[in-house]
Amino acid sequence: MAEGEPTEGPITAEMRAAAQALGWEEGLLERAIDWGYSPRTVVSALGTKLAPAQAKSFLDREPLKPDLTWMDAPTEWGVRAEQADADMGLTVGDIMVGSYGEIPDLWTDRTEIARGSNPQLGQEDMGYTIFEKAVVWTDSVADLYERAIRDRWAPATDLGWRSLEALPDEVEKAICQVMTEHSERAYAEASVLGRWLPEISYGFVEMKLFMSSVIYDLARHAEAFRKRALSNGGGLGLQAPTDLIRGASEARTYPELMAYLFVQDSAFLTFFRHAGDIAQNQLERDLYALVASDRERLMEYQVERFEAFLLAMPDRREEQQRYLAKAEVRLAREWNDPAVREPLILLLGGSRENAAAGEAALTALRRRQVEEYLGHLDKAGFIRSRLHSGLAVYLEEPETAPA
Amino acid sequence: MSAAPTTPELDLSWLDLYDDPTSAEPTKKGLTLDAIDIGDYASQEDLPRDMTPRLRGATAREDAHRMGLTYNTKHDVWADQCRSLYEEAVQRQWSSARDIPWDTLKELPDEKERAMCQVATMLAEVEFIAGDVPGQWLPHISGDEFEVGLFLMSQIMDEARHTDVFRKRALANGGGLLQQGAGLGLRNLIEAQDFTEMSVLMHVQAEGFVQSMFRMGELIGPTQADKRIFRMAAQDESRHLAFGVMHLKHVLSETPERREEIHHYLDKAEDRSAGGGSGDVTFPPVFESLCILLGGGKDRFDEGVAKFLLLRRRQVKEYLHRLDVAGLGDRRERLGSALAQYAN
């Protein structure tokens, strides 16, 4: 508007009517303009329908002057993460740049602070107990996390539920027993891992992201196995043995937990890799393959974390033998549990009548599980000095039958 | 050479456990948890709980270990629709790497980039604890209510994605992380000593406040990528909120005597923080950055303040509405003073 032109002022009739309708104090609009508020701000305030008292406390005073010191927080600025692989998108690995990609050997901040941001003095201790990188970390966690998201699947819709056909009664029951067992095992492991999340400090956020994806994977495995048990004329069988998972929940430290779970994670991965041998249909083959694919990521973490841990803390190497031994004892015991062993014999043999062949096939599977377990340890740079006899027995050559 | 593994004779007693042959039918949404909630395997009020890892419907082992204390009644943890919320979570997982149009990020005026990075810094903190808290409660949920556990496991994944997407945002457009948040209210969540206390404070209050903010993402986010981040995160938060509201409703319906106890938790949380676990939007760096984004710049800070007041009103009104839906409509009369001023 040109200078000198007559004006009704910055307050329009509509603004007055709106203020009146809201019960705002007479003269408040004028005073707001006098204080220095722009008409646009007054209109915004009217738009929010502030109550009279709120409107007065906002507009009948000198406008707030922002402090803005946070803008100069002494953090690394000017970061523009680039996508390394367009197919993967902007990954967690891509943003591990500059100081934001530095994972300290010892994280010292006990508060809820995003690693790389500027600490606010006086924050509460959040009660984390894990501050050492070597305890939880491996460099592949960011990649494993993104792979978990990329490879996600949904049990409800990614398996051919409508393709299921009736199976011989004993075969269906054997499948249901296997499903009951592994549904519980997956759920219980997720619960145990979940309990450890609040122990891990923000310094290792990428590792926690990955562990969250593991928990979610295990949830879907528990769900999928249960669905299979309840979808083809069977049901749930006997609950899984509890020795193995109970040992995991007894762990006093994260390294103990991981060493202990190393045994079962390895054994189950091998089992699912080869579970196509017990599958009765395409749905089960697909299910086992998807589960195995998820468990591969977990095992990759297990092997790499263990290797890094042993390198960083060689004095704790011998201690790990104990945790592994504890898990091996329990695993061996559970392998001999009738409700664990016999369904596999039936499925591998094809029927009760062919149990001998089923037993032989199961022994071969157990041998493979033990070999791969030792292979995983070997990859982590660990020699298992005293493999429990209940597992070692599977590595021995069967006695030559007398001529 | 020692003998090959001995092979005990087959026992096969595990074959005799199937009284109720079950064939769940897939639905239009596939084979869902609702579809398998049938017969003897369906969720029930008064199942004998044994504190072992047994999931509902499996035959108990006589020698099973207990795994520590779990809730002994369904209503302590249950939320109607938790099964469908879990299924929705599985179907609607998204990728912060590929589902955000990162290429739409554009160079922003320095003050706006800093404001967005400050908001992202605060949210990267808030979402971090939102994953820890459900993890803490998993071992306390009986296998008879395993669906609640599955839902919490899906929430852990959601919160991981939120932590990661806000961190990515801060580091993707020439900025960085800025000032740590106030932290007020966050400890409330991890301090909870009861599942319902946790759920009311985290799902209903804290995530509710965050959700109201996400739903103003169209106003807050300066780029298409930012707006999309807020939209996708809001979609997840709405499930967490729905769980909390439905759980509270269930608790108040089944155990109305807990009403005052629940008010007490809210009294404490509302007194302690104006943000109530939401990262406290009144903390100056967060308040100022939101005002800059809402107003459209430092020189329009006042306008941003006016819109910020709208955000606070929405947060409080929606909070009260959710409590009303859950059956706690009388919260309006005893709202903490920091929130009550926005309740009109």
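Lettering follows sequence order; numbering is per chain, from 1.
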### Message
Checking side-chain polar atoms at under 3.5 Å, does W70(A) have a donor or acceptor matched by the opposite partner on E288(B)?
### Response
yes

### Query
So, the side chain of E303(B) versus the backbone of S44(A): is there a donor-acceptor pair under 3.5 Å, distance only?
no

### Short side-chain donor-acceptor distance under 3.5 Å, D67(A) and T69(A)
yes

#### Entry: T27(B), part contacting chain A, at a heavy-atom distance under 4.5 Å
backbone

### Message
Please classify the contact of Q91(B) with chain A as side chain, backbone, both or neither, using a heavy-atom distance under 4.5 Å.
### Response
side chain

#### Entry: Proximal component of E87(B), with respect to chain A [non-hydrogen, under 4.5 Å]
side chain

### Message
Is Y41(B) close to chain A through its backbone or its side chain, or both, or neither, when contacts mean heavy atoms under 4.5 Å?
### Response
both

### Message
When you compare the side chains of Q177(A) and E181(A), does any donor N or O come within less than 3.5 Å of an acceptor on the partner?
### Response
no

### Task
Measure distances from P285(B) to the heavy atoms of chain A and classify the residue's part below 4.5 Å as side chain, backbone, both or neither.
both

### Message
Quick check on the interface: out of E250(A), R195(A), Q54(A), who has the most heavy-atom pairs with chain B under 4.5 Å?
### Response
Q54(A)

### Query
With distance as the sole criterion, is a donor-acceptor pair present between the side chains of Y145(A) and D164(B) under 3.5 Å?
yes

#### Entry: Residue selection (most heavy-atom pairs with chain A, distance under 4.5 Å) from E147(B), K307(B), R66(B), Q155(B)
R66(B)

### Task
Give a yes or no answer on whether the side chain of S389(A) reaches the backbone of A392(A) with a donor-acceptor pair at less than 3.5 Å.
no

## Note on the structure
The residue among D158(B), I156(B), L150(B), V90(B) that forms side-chain contact (heavy atoms from CB on, under 4.5 Å) with Y216(A) is V90(B)

### Task
Count the heavy-atom pairs under 4.5 Å between each of R300(B), R314(B), Q341(B) and chain A, then report the option with the highest count.
R300(B)

### Task
Grab the two heavy atoms, one from C291(B) and one from F301(B), that are nearest each other, plus how far apart they are.
CB-CE1, 3.5 Å

### Task
Check A339(A) against L238(A) and note the closest heavy-atom contact, atom names and distance.
CB-CD2, 3.8 Å

## Note on the structure
In terms of heavy-atom pairs under 4.5 Å with chain B, the winner among A188(A), A51(A), S213(A) is A51(A)

### Task
Please flag which part of S183(A) lies under 4.5 Å from any non-hydrogen atom of chain B: side chain, backbone, both or neither.
both

### Query
Given a strict heavy-atom distance threshold of 4.5 Å, which part of R40(A) is in contact with chain B: side chain, backbone, both, or neither?
both

### Query
What part of A89(B) lies closer than 4.5 angstrom to a heavy atom of chain A: side chain, backbone, both or neither?
backbone

### Query
At a heavy-atom separation under 4.5 Å, does S231(A) approach chain B through its side chain, its backbone, both, or neither?
both

### Query
Counting distance only, does the side-chain N/O of S154(B) pair as donor-acceptor with the main-chain N or O of F151(B) below 3.5 Å?
yes

#### Entry: Largest heavy-atom contact set with chain A, pairs under 4.5 Å, which of A60(B), A160(B), A97(B), G30(B)
A97(B)

### Side chain, backbone, both or neither of I100(B) within contact of chain A (heavy atoms, under 4.5 Å)
neither

### Query
Given a strict heavy-atom distance threshold of 4.5 Å, which part of D99(B) is in contact with chain A: side chain, backbone, both, or neither?
side chain

### Message
For chain A, which candidate among Q180(B), Q93(B), Q118(B) shows the most heavy-atom pairs at distances under 4.5 Å?
### Response
Q180(B)

### Query
Does W161(A) reach the main-chain N or O of P155(A) with its side chain, forming a donor-acceptor pair under 3.5 Å?
yes

### Task
Please flag which part of E159(B) lies under 4.5 Å from any non-hydrogen atom of chain A: side chain, backbone, both or neither.
neither

### Query
Side chain, backbone, both or neither: which part of R61(B) has a heavy atom under 4.5 Å from chain A?
both

### Query
So which of V192(A), D94(A), L59(A), D125(A) has the biggest tally of heavy-atom pairs under 4.5 Å with chain B?
D125(A)

#### Entry: Contacting region of P241(A) [heavy-atom separation from chain B under 4.5 Å]
both

### Message
What part of F146(B) gets within 4.5 angstrom of chain A, counting heavy atoms only: side chain, backbone, both, or neither?
### Response
both

### Query
Of all of Q136(B), E25(B), R313(B), which one pairs up most often with chain A through heavy atoms under 4.5 Å apart?
R313(B)

#### Entry: Main-chain N/O of T59(B) paired with R54(B) side-chain donor or acceptor, under 3.5 Å
no

### Query
Checking M88(A) against chain B: side chain, backbone, both or neither under 4.5 Å from a heavy atom?
backbone

### Message
When you measure from the centre of the six-membered ring of Y342(B), is the NZ or CZ of R312(B) closer than 6.0 Å and no more than 45° off the axis?
### Response
yes

### Task
Return the option, out of V97(A), D243(A), T111(A), I345(A), with the maximum number of heavy-atom pairs under 4.5 Å with chain B.
D243(A)

### Closest approach of I36(B) to L230(A) (non-hydrogen atoms, all atoms of both residues)
O-CD1, 3.7 Å

### Part of L346(A) lying under 4.5 Å from any heavy atom of chain B
side chain

### Task
Check whether C117(B) gets within reach of chain A through its side chain, its backbone, both or neither, counting any heavy atom under 4.5 Å.
side chain

### Message
Any side-chain to backbone donor/acceptor pair from K208(A) onto L197(A)? Under 3.5 Å, distance only.
### Response
yes

### Query
In terms of heavy-atom proximity below 4.5 Å to chain A, should K29(B) be classed as side chain, backbone, both, or neither?
backbone

#### Entry: Heavy-atom pair count under 4.5 Å with chain A, highest-scoring of Y86(B), W137(B), W94(B), F166(B)
Y86(B)

### Task
Heavy-atom pairs under 4.5 Å with chain B are the metric here; pick the option from E76(A), M126(A), E199(A) that has the most.
M126(A)

### Heavy-atom side-chain contact between S84(B) and E88(B) under 4.5 Å
no

### Message
Less than 4.5 Å to any heavy atom of chain B: does that hold for the side chain of W153(A), its backbone, both, or neither?
### Response
backbone

#### Entry: Shortest non-hydrogen contact between R167(B) and I95(A), atoms and distance
CG-CD1, 3.8 Å

### Query
Checking E146(A) against chain B: side chain, backbone, both or neither under 4.5 Å from a heavy atom?
side chain

### Any donor-acceptor N or O pair under 3.5 Å, side chains S13(B), D16(B)
no

### Message
Please classify the contact of A174(A) with chain B as side chain, backbone, both or neither, using a heavy-atom distance under 4.5 Å.
### Response
both

### Query
Under a 4.5 Å heavy-atom cutoff, which of I113(A), T157(A), V92(A) has the most pairs with chain B?
I113(A)

### Message
Please verify the inter-ring angle class for Y128(A) with F128(B); under 30° counts as parallel, over 60° as perpendicular, anything in between as tilted.
### Response
perpendicular

### Message
Please classify the contact between D20(B) and chain A as side chain, backbone, both or neither, with a heavy-atom cut-off of under 4.5 Å.
### Response
backbone

### Query
Counting distance only, does the side-chain N/O of T242(A) pair as donor-acceptor with the main-chain N or O of A64(B) below 3.5 Å?
no

